[in-house]
Amino acid sequence: MRDPAKFLSDEYAQLVAAQADWKLHVLAGPSQPWCTVDGRKVLMFCSNNYLGLSNHPKLKAAAESAVRTHGVGSGSVRSIAGTMDLHLELERRLAAFKQAEASLVYQSGFATNAGLIPQLVGDGDLVVSDELNHGSIIDGVRLSRAERAVYKHADVADLARVLETAEGHAPAYRRILVITDGVFSMDGDVAPLDRIAEVAHRHGAMVYVDDAHGEGVLGPGGRGIVAHFGLGRDRVHVEMGTFSKAFGVVGGHISGSRALVDFAFNKSRTWLLSGSHPPPVAAACLAAVDVLEGEPEHVERLWTLTRRFKKEMGALGFDLGVSTTPITPVMVGENARARRLSDRLLELGVFALPIVYPMVAPGKARIRTIMNAALTDDDVGFAIDAFAKAGRELGLV
Ligand SMILES: *Cc1c(COP(=O)(O)O)cnc(C)c1O
């Protein structure tokens, strides 16, 4: 008899042969500037923990205390018996932080995009997406029955062209949704959301921004891309984000009008049919909002270090791509060379992983660095020295 599951090992073997399989690195202990990765003390230079909150004493204390008062599980999905006071308090505090009428928390950012997008658009609708949008948006769009169009990356003129073409569509689309990442995770560039919102408004389209990498980073006090551009909720209809990056915990969320939130929680299948956050998670997220409101110095520190890193790496001759945020790609070119640079950096004590084709276009392999507010000045100097040494050895600078 033919083994119906043989493809599992066949396909895995192909990935290994193509060096396209994931080799997991193991942290023993917290994600912090100096961590133990695969048994070695190294400088963490590629986590999404921008502000160092994943190991912040206030977040840890809040999680511990919630375990004592509320236990380790919520007992249900939010819609049945799994909405605790902690969840509602988190949503109130997040909405205040975002200066929005209301917010809604999902289990993860991925669950937010996968659950909400297919409810916003369906049969007879059009969704218009930046070509470099995150995979969770792509999957959310695939789950909808809407027609799809893609515009060139961050290209507002191309978006306008797509929307003009859509106006001539017969029968007329019922709704049009324009969707973009706020900060693009591979390049660190910022979507021109002000101009995107303007063009969308002219064509009567809704706007959805996924600000996973902009929150805690952009805007006053790290309030995110909508605050950064000072846009009204009548221009950006869904501001989506995650607690898994700068907030240092886990969980997705949306902010916008009360109508958006009422619609979203009654319709999103990921929200309705999947267990809610355990109490320590909700409490730690709540503490993260507290820290962002009460300790703005973390966001300032992140930008100070980011500016220094870009300046000194640029002066050394590294190609840093088009980033304007704490995600700084060090462009290398070929996959094998990016892997060699990453390996050498690890030997020198810096943990920064390569991003290679097919995650990015062929010939655009890079080391993606992500700055962290918890690093000391000496730590950043240490990383720059390691890049300089490894870069010279590999003939990059
Ligand atoms: C990380 C990320 C997500 C997923 O968020 P999770 O909360 O980790 O599931 C979604 N969109 C973008 C742009 C991301 O970078």
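Quick note: numbers below take in every heavy atom, side chains included, and nothing from hydrogens, waters or symmetry partners. Residues take their numbers from the sequence shown, with the count starting at 1. Ligands are counted one by one from 1 in listed order, and the atoms in each one are counted from 1 as well.
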Rounded to the nearest 0.5 Å, what's the gap from NE2 on His201 to CG on Asp234? Could you check? 7.0 Å
Do Ser268 and Tyr106 have side-chain atoms, one donor and one acceptor, less than 3.5 Å apart? yes
Residues passing the side chain to side chain contact (heavy atoms under 4.5 Å, CB included) test with Val299, sequence neighbours excluded, are Leu51, Leu292, Trp303
Residues in side chain to side chain contact (heavy atoms under 4.5 Å, CB included) contact with Ala383, at least two apart in sequence or another chain: Leu43, Phe45, Val350
Partner set under side-chain hydrogen bond (donor to acceptor under 3.5 Å, both in side chains) for Glu334, not counting sequence neighbours: none
Could you go through ligand 1 and note, for every N or O atom, any protein N or O atom closer than 3.5 angstrom, writing the atom names and distance to 0.1 Å, or 'none'?
unit_1, atom_1, unit_2, atom_2, d
ligand 1, 7 (O), Gly109, N, 2.6
ligand 1, 7 (O), Thr242, OG1, 2.6
ligand 1, 7 (O), Ser244, OG, 3.3
ligand 1, 8 (O), Ser244, OG, 2.9
ligand 1, 9 (O), Gly109, N, 3.2
ligand 1, 9 (O), Phe110, N, 2.9
ligand 1, 11 (N), His134, ND1, 3.3
ligand 1, 11 (N), Asp210, OD1, 3.4
ligand 1, 11 (N), Asp210, OD2, 2.5
ligand 1, 15 (O), His213, NE2, 3.2
ligand 1, 15 (O), Lys245, NZ, 2.6

Taking Lys364 for the side chain and Tyr357 for the main chain, is one N or O donor matched with an acceptor at less than 3.5 Å? no
